[in-house]
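Reviewing the structure listed below.
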2 protein chains.
Amino acid sequence: MTQALFIRHQPMLDQALAAIDQRGYWSPFSEMPSPKVYGETAADDGKATFDARLGQPFPITQPGTTGQAGQEVSPYGPTLGVTYPRPDLDALFGAIEAAAPAWREAGPTTWVGVCLEILTRLNRRSFEMAHAVMHTTGQPFMMAFQAGGPHAQDRGLEAVAYAWQAMRGIPTRATWEKPQGKNAPLRMEKTFTVVPRGIGLVIGCCTFPTWNGYPGLFASLATGNPVVVKPHPGAILPLAITVQIAREVLAEAGFSPDIVTLVANNPDERMASTLALRPEVRLIDFTGSTANGEWLERNAHQALVYTEKAGVNQVVIDATDDLKGMIRNLALSLALYSGQMCTAPQNLYIPRDGIDTPDGHVTFDGVVAALGEALQKLTADPAKAVEILGAIQNDGVAQRIDASRALGKVVLDSQTIAHPQFPEARVRTPLLLKVDVRDEDTFTQELFGPIAFVIATDSTDQAIATARRIAKQHGALTLSGYTTQRNVESQLEDAALDAGVALSLNLTGPVLVNQSAAFSDFHGTGANPAANAALADTAFVANRFRVIQARRHLKD
Amino acid sequence: MTQALFIRHQPMLDQALAAIDQRGYWSPFSEMPSPKVYGETAADDGKATFDARLGQPFPITQPGTTGQAGQEVSPYGPTLGVTYPRPDLDALFGAIEAAAPAWREAGPTTWVGVCLEILTRLNRRSFEMAHAVMHTTGQPFMMAFQAGGPHAQDRGLEAVAYAWQAMRGIPTRATWEKPQGKNAPLRMEKTFTVVPRGIGLVIGCCTFPTWNGYPGLFASLATGNPVVVKPHPGAILPLAITVQIAREVLAEAGFSPDIVTLVANNPDERMASTLALRPEVRLIDFTGSTANGEWLERNAHQALVYTEKAGVNQVVIDATDDLKGMIRNLALSLALYSGQMCTAPQNLYIPRDGIDTPDGHVTFDGVVAALGEALQKLTADPAKAVEILGAIQNDGVAQRIDASRALGKVVLDSQTIAHPQFPEARVRTPLLLKVDVRDEDTFTQELFGPIAFVIATDSTDQAIATARRIAKQHGALTLSGYTTQRNVESQLEDAALDAGVALSLNLTGPVLVNQSAAFSDFHGTGANPAANAALADTAFVANRFRVIQARRHLKD
């Protein structure tokens, strides 16, 4: 059965392996929510399934369950009312440890085959997942479908492909034959067995629970580790669906479903740090705040800790050969999901003397005004605006917007928009603040949400030096630059290499700096404080398993 | 020039890549100190070079040198009198940081080419290295030649091969072309640049300074990181010669020699912990005590820390089809370099009811007596004994032998042997102690040196269970078993997988459990407390570099 899963999905795996080697465009999962791909009734079925879950205990049965947890409220208003098993951790971990040996012994092809089947089934449930992601994260529907469904599945598959690539490099058997001059050679037979590290813990975030959670989940599972999934209390449902599917596939493949388990908690309950220090936990994948990520890195000594934390993403504007394209692109980057993306730009450096464009020289204020107008235009029609902005995930973000007004001169204030469909939805337009490069204190921390600075600089050299220093010290997932000069591009490339940040140059079309494509773009570099790993690469998977050898003499 | 180095050594690299994939026997460096391989005068030249170094400042010129350090005393008696530059660390690190950008920009083929040239030159100086290793570690000459020279060079090359394998998997350029239905596809050009993490620190040990030091040194250097080498104060010279050769090759290749530097200290001076906490240090490779290794793992948060620490290596004796071969093999394993190997066995479990052999049943005392006799025979002739035992590296080991007599019934006492050539040499034969399996407290810690326990057990099941538990809790680099039953082999294999330790079965010939062959045997597993990494595998190298990408639209 399990060998059959590997064989069934091997064509997809082979394509994924080719994709990570070539890093061109590839995806096996359609990002278009089209009935032609997903089936005529898929959209309605997904919505119906989601609706039926509301106000109900989530159908997942786990050992050691002592009650129910779960207090999710949609950023669009409604309380979800879904509850999840609340475990006694000792009982749960006991069950996992009991299930682990059979999974460990199954070996790489089984681990990978099961993962590929889980991903394939997740794909079929992308509509249900879209609603779950939308009503926990606040993403607009289309984004929730894409980022929560196929794009997240891509990231999971990418991790599986890297894991398989790393494991298949280990021979299962070798003959060692050492010449002994005139005597017969020494001959030994050696066997090499891939074994998992222990239990993997995935600590989810509230904005991209699946997209950020799948790489660690699938990297650990594909290398033989049981996985405990601890969602953010604000976004449990998407990962609960994921765990449900994983358990279903595991059971069908003849394993205990307890190889993948869910630990849900309410917002006021401590859970992540308790789980992270359990001795059975040997791998931790975390997405969240710098404070929590650093705490894990410094305290969970028994585990390998992979973290994505806060960062300050920056845009250096030197000149452009397409002013309209640049402004449109930047406005969309700031507005998309109300800037609640770890990759969204925050600091926009513009020379105080203005920039050169094909339409002539444009002043600093001219560029800023164009950006403000573009943002206003994007968000003028509420029906259209909400499909870009989505909703504010939590009150903390809304409060941050309000508190940030004092940080600079307000160029464009954040507005509340009434959602045509969900009257209680928290919808806010971006806040744009003007500051001077000398006010560095105001813009060196991440202000997560729709808050951006236009920063007047003396020169592009100064802008690049500032961006480099901030990315090195405070972390960054993205750096963006606009210029028409090759030497400025070179300076930006140097700064990106030095600060260990991914660079996007002259994005004036539909590709946003926020967007990171699986199999092609490495998300995070692990080379600055924003993340200690990249999603995904060989380093992300290669230490999740170990190799145990046995050797003996070969009899002639 | 640097491209030329890569091309010159590419055949060796290609063979190394094939070797790590197949894990059969291979080595490009002859382990026989033969004039046919190394040249007619190589032995004499090496000895002469070593002799000329004694009592002299070591010829290495580094920035920030404020004086000289170095108080090495040969375990064979003589004070070496060699001194090394004592650096002002701020000045030294300033010079390294100044040199780093040019090295970073040189890229993978240059890093690897330079490493391969260094290894090739190290090989030519294997005789000089043999004397340096012998007179710092106490190894007998032949072992010092092999383990200090060609075998260490093999381990360095193995790390370079893994590093190259990991880096060449990253495309330097990719075209990303995403279909847009009826519209023209989105097209982007992406570049990927491999960048080093920062500065690597290698903290050497006093028993195998090159063999244990080269994997980390070459893994970091081959991935673009400058390397600071901090030898154990008792074994500086072998790593000083290494650094000298590295600096020579770097300078010839057009780089600052400060990419590889030496930081020597005297025994009473704190240095490793100071270096380990410097913010510039992003990679640490350590071999040494559990206390120091754990301190690094828990405190050097700014760095990735690879440690090899203490462990308890064990032998489970259930039965044998070659009693003489088993006894000879075990005696040699205990005697070789006076057990001062991290892989040497310490705990030998024997059923109290004895074992089956082709010569009939042999009692517990019979097995123990045979082992004692074999050890006595091995060490009876001082001239031959010293070529196996070498010398005790430091007084701590000698004191540990004396203090350990009280831990059990002395079956064979440790004798002092007069070295025919070096009257002041500390030469000691192994101490063999008999204990009961119930006295577990006495044998669960590593007693580094020629100290071994024969442990009477109720059954092989009990022996395997005890060995498994101790390896899991206290760490182990090796586990060895003797049996004629397939089901006992299976039990041992299960225990090895569970405890994450490499298993050797029925070694009755010249291969010792202590010995680990590069390109074939993984040294350490990273799966128990004895080491958090294996020498070498993909996980050992893949996180020493990061990948920084840049993307821009492709113009049509």
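All chains are named by letter (A, B, ...) in the order of the sequence lines, taking the proteins before the strands, and each is independently numbered beginning at 1.
In this structure, chain B has heavy atoms under 4.5 Å from both the backbone and the side chain of A/Lys178. At a 4.5 Å heavy-atom cutoff, the contact between A/Leu186 and chain B is made by side-chain atoms alone. For B/Gln549, the parts lying under 4.5 angstrom from a heavy atom of chain A are both the backbone and the side chain. Proximity to chain A is limited to the side chain of B/Phe192, based on heavy atoms less than 4.5 angstrom apart. Residue B/Glu105 does not touch chain A at all, counting heavy-atom pairs closer than 4.5 Å. Using a 4.5 Å cut-off between heavy atoms, A/Met32 does not touch chain B at all. Of the two parts of A/Ala533, only the backbone, made up of N, CA, C and O, holds a non-hydrogen atom closer than 4.5 Å to a non-hydrogen atom of chain B. With a threshold of 4.5 angstrom between heavy atoms, B/Gln302 does not approach chain A through any atom at all.
The side-chain heavy atoms of A/Phe545 and A/Met167, taken from C-beta on, include a pair separated by under 4.5 Å. Side-chain atoms of B/Arg552 and A/Glu489, non-hydrogen and from C-beta on, do get closer than 4.5 Å to each other. Annotation: side chain of B/Lys472 is not in contact with side chain of B/Asn528 (no heavy-atom distance under 4.5 Å). Residues B/Ser27 and B/Glu31 have side chains not in contact (no heavy-atom distance under 4.5 Å, counting atoms from C-beta outward).
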Original post:
Under the side-chain hydrogen bond (donor to acceptor under 3.5 Å, both in side chains) criterion, do A/Asp322 and A/Thr320 qualify, and how do the steps go?
Top reply: CA-CA 5 Å; A/Asp322 179 2; A/Thr320 180; 5.9 Å; no
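For the pair A/Arg544 and A/Tyr306, the cation-pi test (distance below 6.0 Å, angle within 45°) is passed. A cation-pi arrangement is not found for B/Arg187 relative to A/Tyr25, the charged atom failing to lie both closer than 6.0 Å to the ring centre and inside a 45° cone about the ring normal.
Chain B forms more heavy-atom pairs under 4.5 Å with one residue of A/Pro101, A/Ala174, A/Pro171, A/Ala496 than with any other, namely A/Pro171. Your options are A/Leu492, A/Asn506, A/Leu507, and the one with the most heavy-atom pairs under 4.5 Å with chain B is A/Leu507. Taking chain B as the reference chain and counting heavy-atom pairs below 4.5 Å, the highest number among A/Ser504, A/Ala527, A/Ala502 is found for A/Ser504. The choice from B/Thr193, B/Leu505, B/Ile170 that makes the most heavy-atom pairs within less than 4.5 Å of chain A is B/Leu505. Among A/Asp521, A/Val195, A/Val547, A/Val541, the residue with the largest count of heavy-atom pairs under 4.5 Å with chain B is A/Asp521. Interface remark: of the candidates A/Met188, A/Arg104, A/Gln22, A/Arg104 forms the most heavy-atom pairs closer than 4.5 Å to chain B. Each of A/Asp498, A/Leu497, A/Thr175, A/Asp21 has some count of heavy-atom pairs under 4.5 Å with chain B, and the biggest count is that of A/Leu497.
Ion pairing of B/Arg197 with B/Glu280 is absent here, as no side-chain N (NZ or NE/NH1/NH2) approaches a carboxylate O to less than 4.0 Å. Residues A/Glu177 and B/Arg23 are not paired through a salt bridge, judged by the lack of any N-O separation under 4.0 Å between the basic side chain and the carboxylate. By the 4.0 Å N-to-carboxylate-O rule, B/Glu189 lies too far from B/Arg551 to be salt-bridged with it.
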